[in-house]
Visitor: 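Let me begin by handing over the structure; questions about it come next.
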Amino acid sequence: MNSMLYSDCEQIKASFNKEIAIKVQNIISKKVDLRDYVDINEIEGKVLVGLDASYLNNGLGIGVAVAIKYPQYDIIDCDITIRKVCIPYIPGLLAFREMYLLVPSLLNILKKVKPYVLFVDGHGYAHPRFAGIATHIGVVFNTPTIGIAKKRLVGEETIKNGDIYLKIGEKLVSKILLIKNKKIYISPGNKISLETSFNIAKIMSGNSKLPIPIYIADRISKIAKNHIDPNLDCKKFIDKIK
DNA sequence: GCGACAG
DNA sequence: ATCTTGTCGC
């Protein structure tokens with residue numbers, strides 16, 4: 001599972017090119033579908049997946065995929081990926097850095113469960129090319145995704161019917177969820193609308209600072225930092241959450 | 001040139 | 001994201 005833990009980054013670095021990455025995003029944005037393939041009235045009993053990454057100060061990154069059942073938030077599966085981080089953080093190109101950490105764990109989760117929707121830490125449609133990491137993953141996996149971000153990347157705030165949105169030109173790309181006076185930027189990734197993304201993120205935000213699938217993925221990725229070993233089993237941490 | 005800039 | 005001490009507020 002972590003066989004390439006110590007492999008170097010040469011191959012990945014060589015395959016990465018900023019201009020090509022931008023072209024890839026433009027292609028992805030043409031495939032985005034913002035219609036609703038999910039229904040908030042059908043979400044009870046469904047499996048949701050949270051994706052998040054954290055980093056160590058030695059060049060390693062940790063990706064977490066956690067499957068949770070709504071509305072009890074039982075953790076039914078969990079997977080951790082540890083890899084050397086090969087791509088720098090470039091605003092707008094986050095997906096090319098973090099997909100290496102998130103995709104292996106997501107694939108392992110998908111072997112066992114069929115999630116209703118994926119929650120991804122970062123923006124989806126609220127992106128300079130409408131192709132943030134949540135959209136990127138949603139298009140590649142052809143599945144509904146919601147982007148959950150703690151900070152604005154692009155867009156201008158605007159108020160409509162008392163709600164705060166982010167708009168790019170005339171299009172609304174994100175709706176802001178206020179949790180304890182803190183702004184959380186919700187945007188559709190793929191196969192979901194902006195309003196449904198917001199409404200689902202909102203009902204997922206029990207008492208935590210973030211929608212619970214992302215909160216739990218975040219917690220696990222940070223706990224894992226203190227337990228780094230090649231045979232790390234995510235399930236050992238399940239009882240340390242909540 | 002200057003400021004902004006997901007994680 | 002991560003590095004970091006004390007400190008303001010509920």
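Lettering follows sequence order; numbering is per chain, from 1.
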Visitor: Report the secondary structure of DNA chain B in dot-bracket form, marking unpaired bases with a dot and bases paired to a different strand with |, and treating Watson-Crick or G-U pairs with both distances under 3.5 Å as paired.
Guide: .......

Visitor: Go through DNA chain B in 5' to 3' direction and return only the first and the last nucleotide with some atom under 4.0 Å of chain A's heavy atoms.
Guide: B:dA4 to B:dG7

Visitor: Distance check needed: C:dA1 P versus A:E98 CD, whole Å only.
Guide: 9 Å

Visitor: Any base atoms under 4.0 Å from A:K225, or only sugar-phosphate, or nothing? Heavy atoms, all strands.
Guide: sugar-phosphate

Visitor: With a 4.0 Å cut-off, would you call A:K150 and A:D121 a salt bridge?
Guide: yes

Visitor: Taking all heavy atoms of A:A201 and all of A:F119, pick out the closest pair and write down the distance.
Guide: CA-CE2, 4.3 Å

Visitor: Just the rounded figure in Å: distance from C1' of C:dC3 to CG of A:N58.
Guide: 14 Å

Visitor: Identify whether NZ of Lys or CZ of Arg in A:K175 sits under 6.0 Å from the centre of the six-membered ring of A:F198 and within 45° of that ring's axis.
Guide: yes

Visitor: Between atom CZ in A:R97 and atom P in C:dA1, what is the gap in whole Å?
Guide: 12 Å

Visitor: Base, sugar-phosphate, or nothing for A:R152, non-hydrogen atoms under 4.0 angstrom?
Guide: sugar-phosphate

Visitor: For A:I184, answer base if it contacts any base atom (sugar-phosphate contacts may also be present), sugar-phosphate if it contacts only those atoms, and nothing otherwise; contact means non-hydrogen atoms under 4.0 Å.
Guide: nothing

Visitor: Tell me: CG of A:N226 to C1' of C:dT2, nearest whole Å?
Guide: 14 Å

Visitor: Just to be sure I understand the rule, does A:Y55 reach a base, reach only the sugar-phosphate, or reach nothing, if contact means heavy atoms closer than 4.0 Å?
Guide: sugar-phosphate

Visitor: Using only heavy-atom distances, determine whether the side chains of A:K31 and A:N190 contain a donor-acceptor pair under 3.5 Å.
Guide: no

Visitor: Tell me the interatomic distance from A:K84, atom NZ, to C:dA1, atom P, rounded to whole angstroms.
Guide: 23 Å

Visitor: Are the charged groups of A:E44 and A:K69 less than 4.0 angstrom apart, N to O?
Guide: no

Visitor: Between C:dC10 and A:K180, is there an OP1 or OP2 to side-chain N/O distance shorter than 4.0 Å?
Guide: no

Visitor: Whole Å only: how far is the CG atom of A:D121 from the P atom of C:dT2?
Guide: 10 Å

Visitor: Distance alone, cut at 3.5 Å: any donor-acceptor contact between the side chains of A:N161 and A:D163?
Guide: no

Visitor: Determine the contact category for A:G61: base if any of its heavy atoms lies under 4.0 Å from a base atom, sugar-phosphate if only primed atoms, P, OP1 or OP2 are that close, otherwise nothing.
Guide: nothing

Visitor: Let me confirm one number: the CG-CD1 distance from A:L232 to A:I228, rounded to the nearest 0.5 Å.
Guide: 5.5 Å

Visitor: Send over the distance from A:I214 CD1 to C:dA1 P, rounded to a whole Å.
Guide: 11 Å

Visitor: Tell me whether A:K18 forms a cation-pi arrangement with A:F96, defined as NZ or CZ under 6.0 Å from the six-membered ring centre and within 45 degrees of its axis.
Guide: no

Visitor: So A:L56, base contact, sugar-phosphate only, or nothing? Heavy-atom distance under 4.0 Å.
Guide: nothing

Visitor: Starting at atom CG of A:L51, determine the distance to atom P of C:dA1, rounded to an integer number of angstrom.
Guide: 15 Å

Visitor: Between A:R97 and A:F16, is NZ or CZ placed under 6.0 angstrom from the six-membered ring centre and within 45° of the ring axis?
Guide: no

Visitor: Is it true that A:D77 and A:K112 make a salt bridge, defined as a side-chain N closer than 4.0 Å to a carboxylate O?
Guide: yes

